[in-house]
Amino acid sequence: MADAARARTADEVVRNAAVGIQLPRLAAESGFTVPSVVPATSVFRDVRVADQILGLARTTRRAVTAGYFTQDAAER
């Protein structure tokens with residue numbers, strides 16, 4: 001299920017899922033200097049807060065509708 005959810009998110013939810021890897025080049029082409037790229041990971045302790053910010057329930061419903069996984073798998 002995780003692979004299906006990841007594929008659904010990358011394919012249809014995030015407008016440009018690959019932009020992160022392109023940002024240093026795009027910034028440089030626009031005249032900015034990019035000395036380093038530092039990734040940051042969000043950590044949520046409350047699933048309700050994570051859902052409000054990331055839209056987890058909405059994205060899951062849409063993934064079920066699109067056939068990426070079953071309702072039963074989504075509920076798990």
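We're numbering straight along the sequence, starting at 1. Note that this is a predicted model, so its numbers are computed, not measured.
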task: Please identify each residue that fulfils side chain to side chain contact (heavy atoms under 4.5 Å, CB included) with E29, with sequence neighbours left out.
output: R25, L26
statement: Residues at least two apart in sequence or cross-chain that pass side chain to side chain contact (heavy atoms under 4.5 Å, CB included) with A28, listed by chain then number, are none
Contact summary for D51 and A57, nearest pair of heavy atoms: OD1-N, 2.8 Å
statement: Separation between CD (Q71) and CZ (R76), nearest 0.5 Å, reads 11.0 Å
Test side chain to side chain donor-acceptor pair (under 3.5 Å) applied to Q22 - qualifying residues, sequence neighbours left out: none
task: Quick one: list whatever passes side chain to side chain contact (heavy atoms under 4.5 Å, CB included) with R45, sequence neighbours left out.
output: none
- line: Those residues at least two apart in sequence (or on a different chain) that pass side chain to side chain contact (heavy atoms under 4.5 Å, CB included) with L23 are V19
message: Other members of the hydrophobic cluster containing L54, with the 4.5 Å side-chain heavy-atom rule, please.
response: F44, V49, I53, L56
message: Looking at every heavy atom in both P24 and V34, which two are closest together, and how far apart are they?
response: O-CG2, 4.1 Å
